[in-house]
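These notes concern the structure reproduced below.
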Amino acid sequence: QVQLVESGGGLVQAGGSLRLSCAASGRTVSSSAMGWFRQAPGKERESVAAINWSGFITKYVDSVKGRFTISRDNAKNTLHLQMNSLKPEDTAVYFCAAADRTRMAQLGSAQYDDWGQGTQVTVSS
């Protein structure tokens, strides 16, 4: 098993930026696909971005394309989400996740096995 801890959330005005980080411990995630998810109050969890094991392939939900960038540093066992041009509709708790069984980047939650507890992102208008 792997433990994932998100950080970097906060309050930002619309148009601003935040950089989220996810620190993994317990095992290396260098061979694991990883992803970012978010859940707004009263809403279902949404897949935001995914990255393959090496970091060379990334995928994004349409609503964040061109604004968010997922990246990883396997040497540091960390995952990041750079969020630019933030909108109020981006307000949510953001979670990182790691897959145990696959290396490929894929949106959706089916392939992910380990989850962080989340970090709050609030975007004011």
Side-chain angles (χ1 to χ4, degrees):
Q1 64 179 14
V2 62
Q3 294 76 49
L4 304 173
V5 179
E6 303 92 340
S7 62
L11 175 64
V12 65
Q13 293 188 53
S17 298
L18 286 172
R19 182 174 174 84
L20 306 184
S21 297
C22 172
S25 61
R27 69 166 176 87
T28 179
V29 293
S30 61
S31 62
S32 302
M34 298 190 73
W36 284 99
F37 296 77
R38 65 187 181 188
Q39 187 167 21
K43 304 292 185 180
E44 294 187 349
R45 183 178 59 195
E46 177 186 28
S47 181
V48 174
I51 190 166
N52 80 326
W53 70 279
S54 67
F56 286 106
I57 299 174
T58 58
K59 295 182 178 180
Y60 302 92
V61 68
D62 286 346
S63 61
V64 309
K65 286 181 179 176
R67 300 189 298 121
F68 290 11
T69 302
I70 187 172
S71 62
R72 66 193 301 161
D73 186 342
N74 283 341
K76 297 181 179 180
N77 224 28
T78 57
L79 178 75
H80 302 280
L81 184 68
Q82 179 67 46
M83 305 185 294
N84 298 326
S85 301
L86 283 163
K87 303 175 180 180
E89 50 262 46
D90 296 318
T91 295
V93 177
Y94 282 72
F95 302 87
C96 66
D100 290 341
R101 304 178 187 88
T102 183
R103 298 185 177 191
M104 66 180 294
Q106 186 168 299
L107 295 175
S109 62
Q111 72 174 14
Y112 297 101
D113 304 285
D114 299 290
W115 298 79
Q117 296 189 68
T119 185
Q120 176 71 47
V121 172
T122 303
V123 184
S124 62
S125 60

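- Using a 4.5 Å heavy-atom cutoff, the side chains of Val123 and Met83 are not in contact.
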### Message
Is there a side chain to side chain contact (heavy atoms under 4.5 Å, CB included) between Ser63 and Glu89? Walk through the geometry before answering.
### Response
CA-CA 10 Å; Ser63 61; Glu89 50 262 46; over 6 Å; no
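- Counting all heavy atoms, side chain and backbone alike, Gly16 lies closest to Val12 at CA-CG2, 3.8 Å.
- Judged as a salt bridge (Lys or Arg N to Asp or Glu O under 4.0 Å), the pairs with a partner in residues 108-125 (not counting sequence neighbours) are, in order, Arg101-Asp113.
- Contact record, Ser125 with Ala14: CA-CB, 4.3 Å, taken as the closest heavy-atom pair.
- Taking CD1 of Ile57 as the reference point, atom CD1 of Ile70 lies at 12.5 Å (rounded to 0.5 Å).
- Looking only at side-chain heavy atoms (C-beta outward), Leu4 and Met34 come within less than 4.5 Å of each other.
- Atom CD1 of residue Ile51 and atom SG of residue Cys96 lie 12.5 Å apart, to the nearest 0.5 angstrom.
- Between the side chain of Thr122 and the backbone N or O of Leu11 there is no donor-acceptor pair closer than 3.5 Å.
- Placement of Val64 and Leu79 within a single hydrophobic cluster is found when ILVMFWY residues are connected by side-chain heavy-atom separations under 4.5 Å, directly or transitively.
- Summarising the geometry, atom CD belonging to Glu44 is positioned 10.0 Å from atom OG belonging to Ser109; distances are rounded to the nearest 0.5 Å.
- Between the CH2 atom of Trp36 and the OG1 atom of Thr69 there is a distance of 13.0 Å, given to the nearest 0.5 Å.
- Although no hydrogens or angles enter the test, the distance criterion places a donor-acceptor pair under 3.5 Å between the side chain of Thr119 and the main chain of Gly9.
- Gln111 places a side-chain heavy atom less than 4.5 Å from the side chain of Met104.
- Nearest approach of Gly26 to Gln3, heavy atoms of both residues: CA-OE1, 3.6 Å.
- Other residues, nucleotides and ligands contribute only 12 or fewer heavy atoms inside 6.0 Å of the CD atom of Gln117.
- When all heavy atoms of Ser25 and Val2 are compared, the pair lying nearest together is O-CG2, 3.1 Å.
- Checking side-chain atoms of Asn77 against main-chain N and O of Ala24 turns up a donor-acceptor pair under 3.5 Å.
- Atom OG of Ser30 is separated from atom CH2 of Trp53 by 8.0 Å, given to the nearest 0.5 angstrom.
- Using modelled atom types, one side-chain atom of Lys59 and one backbone atom of Ala105 make a donor-acceptor pair closer than 3.5 Å.
- The distance from atom CG of Leu20 to atom CZ of Phe68, rounded to the nearest 0.5 Å, is 8.0 Å.
- Neither Val121 nor Val93 shares a network with the other; the hydrophobic side chains, linked directly or stepwise wherever heavy atoms of I, L, V, M, F, W or Y lie under 4.5 Å apart, form separate groups for each.
- None of Phe95, Trp115, Tyr94 except one satisfies the ring pair (Phe, Tyr, Trp, His ring centres under 6.0 Å) rule with Phe37; the exception is Trp115.
- Residue pairs meeting the salt bridge (Lys or Arg N to Asp or Glu O under 4.0 Å) criterion with at least one member in residues 4-31, sequence neighbours excluded: Arg27-Asp100.
- Scanning all heavy atoms of the two residues, the minimum distance from Ala40 to Ala92 falls at N-CB, 3.7 Å.
- Identified under the salt bridge (Lys or Arg N to Asp or Glu O under 4.0 Å) test for residues 62-72, with sequence neighbours left out: Asp62-Lys65, Arg67-Asp90.
- The nearest pair of heavy atoms linking Tyr112 to Ala50 is OH-CB, 3.5 Å.
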